[in-house]
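Indexing begins at 1, ligand by ligand and atom by atom, following the structure's order. Count residues from 1 along the sequence. No experiment lies behind these values; they were computed from the predicted model shown.
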Amino acid sequence: MNIKLYELREDEKLALAEVMARLGAGAASSEIEVDAVAHELTLESAGDLRGFDAVVISGRSAMTAEVLDRLAELGVKYLATRTVGVDHIDVACAHELGLRVCNTGYPPEGVAEFAVMLMLIVLRRYKSTLWRQQVNDYSLGGLEGRELGRLTVGIVGTGRIGQQVARILGGFGSKVLGYDPYPSDAARAAGIEYVPLEELYRRSDVVTLHVPLTEKNRGMIDAEAINQMRDGVVLVNVSRGELIDVAAVTSAIEFEKIGALAMDVFADEGGIYHESRVNDIIRNRDMAYLRQFPNVVLTPHMAFYTDTNVNSMVEQGVQGVIAMAEGPGSWASEV
Ligand code: NAD
């Protein structure tokens with residue numbers, strides 16, 4: 001099997017070498033070859049794919065109908081993404097073209113810990129504290145915080161990450177509410193009390209999003225949703241930027257309806273996050289405007305970025321396409 005892996009970062013090289021060694025890939029007797037490149041898979045770069053059965057991408061290669069059509073035409077049959085989210089892939093189109101697709105199911109702990117860290121950062125006003133330290137201002141005025149263990153946290157989306165957030169919050173002693181169209185006993189066992197979404201918004205001091213980006217979920221945190229939330233609510237989003245209506249959220253920050261916002265993701269973050277753009281003119285007004293508020297913390301889509309997850313993403317990307325080739329149902333995270 002010939003596999004082309006795109007978007008290989010420096011920090012993934014060791015993990016890839018280890019996976020290849022385990023598979024015996026590249027050895028004279030091996031049936032598995034992995035060719036890895038740093039650039040993204042695009043319509044233009046797909047040109048060199050003839051002879052490859054499978055591609056492994058990450059989150060920056062947009063798999064539009066046009067690109068997928070080209071892959072199918074070149075004989076590619078399997079596509080794996082080293083991300084949990086699959087919103088950069090037109091999955092329905094891939095299926096129509098006979099392409100099999102999988103994502104990775106790396107452990108949820110790293111992302112969940114990051115979400116809780118963001119809650120703590122905004123609740124303890126650490127952004128302002130950090131700013132002040134730069135100018136030797138060690139005063140306390142305006143920095144009084146709130147204790148997570150005394151608050152009610154509403155988890156929207158009680159899948160793998162949402163459940164892990166609940167388990168961590170259990171240690172703090174927080175009251176944990178949850179909403180999901182598919183409630184689960186596993187989530188209840190993690191300490192989540194299911195309530196209707198309106199009730200979650202009404203009762204939660206902190207609202208944290210752990211849902212995938214789908215057409216239905218796009219812009220789900222709009223003015224109507226925000227109006228149902230408590231005054232001074234803390235909103236945390238480590239899922240996808242497009243889940244929020246950025247104009248509505250910005251206005252709610254300006255009028256102090258939202259007390260604090262922490263986001264690890266942002267609409268149109270591609271080409272900005274994960275890049276050094278120090279000398280560039282960046283065209284994302286919403287990001288620049290929101291970033292300047294003392295109660296808004298933006299991180300560059302790095303909740304996933306731990307040693308455990310990097311190894312797991314590379315391993316599962318390569319193993320995913322190999323397993324899919326072994327037959328239907330052979331890989332748990334096929335989508
Ligand atoms: P998951 O599939 O285990 O859980 C998602 C849950 O959301 C499911 O239970 C689903 O029923 C629920 N859901 C869908 N629409 C909903 C809605 N409108 N309201 C309430 N619940 C809804 O996924 P996961 O592993 O927990 O990951 C969640 C998301 O986190 C991913 O889709 C991805 O976009 C994001 N993510 C971000 C990072 C990062 O580095 N920032 C890393 C991993 C995942």
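- Of the protein's non-hydrogen atoms, Ile161 CD1, 3.4 Å is the one closest to atom 27 (O) of ligand 1.
- A single hydrophobic cluster is seen to contain both Leu130 and Leu118, as judged by linkage of ILVMFWY side chains at heavy-atom distances under 4.5 Å, directly or through other members.
- Residue Thr158 places no N or O, backbone or side chain, under 3.5 Å from any N or O of ligand 1.
- The heavy-atom pair separating Thr158 from Ile155 by the smallest distance is CG2-O, 4.0 Å.
- Of all atoms in ligand 1, listed by their number and element, those nearer than 4.0 Å to a heavy atom of His301 are 39 (C), 40 (O), 41 (N).
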Give the C-alpha distance, both sets of side-chain angles, the deciding distance and a yes or no for side-chain hydrogen bond (donor to acceptor under 3.5 Å, both in side chains) between Tyr194 and Glu199. CA-CA 10 Å; Tyr194 280 110; Glu199 185 178 339; over 6 Å; no
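- Considering backbone and side-chain N/O of Val111, none are found under 3.5 Å from N/O of ligand 1.
- Atom 30 (O) of ligand 1 has Ser239 OG, 3.6 Å as its closest protein atom, hydrogens excluded (heavy atom only).
- With respect to the salt-bridge test (charged N to carboxylate O, under 4.0 angstrom), the residues Asp48 and Lys4 qualify.
- Between Glu144 and Arg125 there is no salt bridge, since no side-chain nitrogen of the basic residue lies less than 4.0 Å from a carboxylate oxygen of the acidic one.
- Protein heavy atom in closest approach to atom 32 (O) of ligand 1: Pro212 CA, 3.3 Å.
- Looking at Phe304, Tyr305, Tyr179, it is Tyr179 that brings a heavy atom closest to atom 19 (N) of ligand 1.
- For the residue pair Glu40/Ser45, the side-chain donor-acceptor check at 3.5 Å is not satisfied.
- Looking only at protein heavy atoms, the nearest one to atom 3 (O) of ligand 1 is Arg160 N, 2.9 Å.
- Residue, atom and distance of the protein heavy atom nearest to atom 16 (C) of ligand 1 are Val211 CG1, 3.6 Å.
- Among protein heavy atoms, atom 6 (C) of ligand 1 sits closest to Asp180 OD2, 3.6 Å.
- Among Leu243, Asn217, Thr299, Val86, the residue whose heavy atom sits closest to atom 15 (N) of ligand 1 is Asn217.
- Thr81 and Asn103 are not linked by any side-chain donor-acceptor pair at a separation below 3.5 angstrom, with hydrogens and angles left out of the test.
- Where the criterion is an N or O separation shorter than 3.5 Å, residue side chain and backbone included, Tyr182 fails it with respect to ligand 1.
- Ligand 1 has an N or O atom lying under 3.5 Å from an N or O atom of Val238, backbone or side chain.
- Nearest heavy-atom pair across Cys102 and Gly320 is SG-CA, 3.8 Å.
- Near Asp264, meaning under 4.0 Å from any of its heavy atoms, are these atoms of ligand 1: 39 (C), 40 (O), 41 (N).
- Protein heavy atoms are absent from the space less than 4.0 angstrom from atom 23 (O) of ligand 1.
- Residues Arg82 and Glu12 are paired through a salt bridge, judged by an N-O separation under 4.0 Å between the basic side chain and the carboxylate.
- Judged by distance alone, with hydrogens and angles left aside, the side-chain atoms of Gln316 form a donor-acceptor pair with the main-chain N or O of Gly105 at under 3.5 Å.
- Close approach to Val156 involves these atoms of ligand 1, each under 4.0 Å from a residue heavy atom: 19 (N), 20 (C).
- For Tyr273, no heavy-atom contact with ligand 1 is shorter than 4.0 Å.
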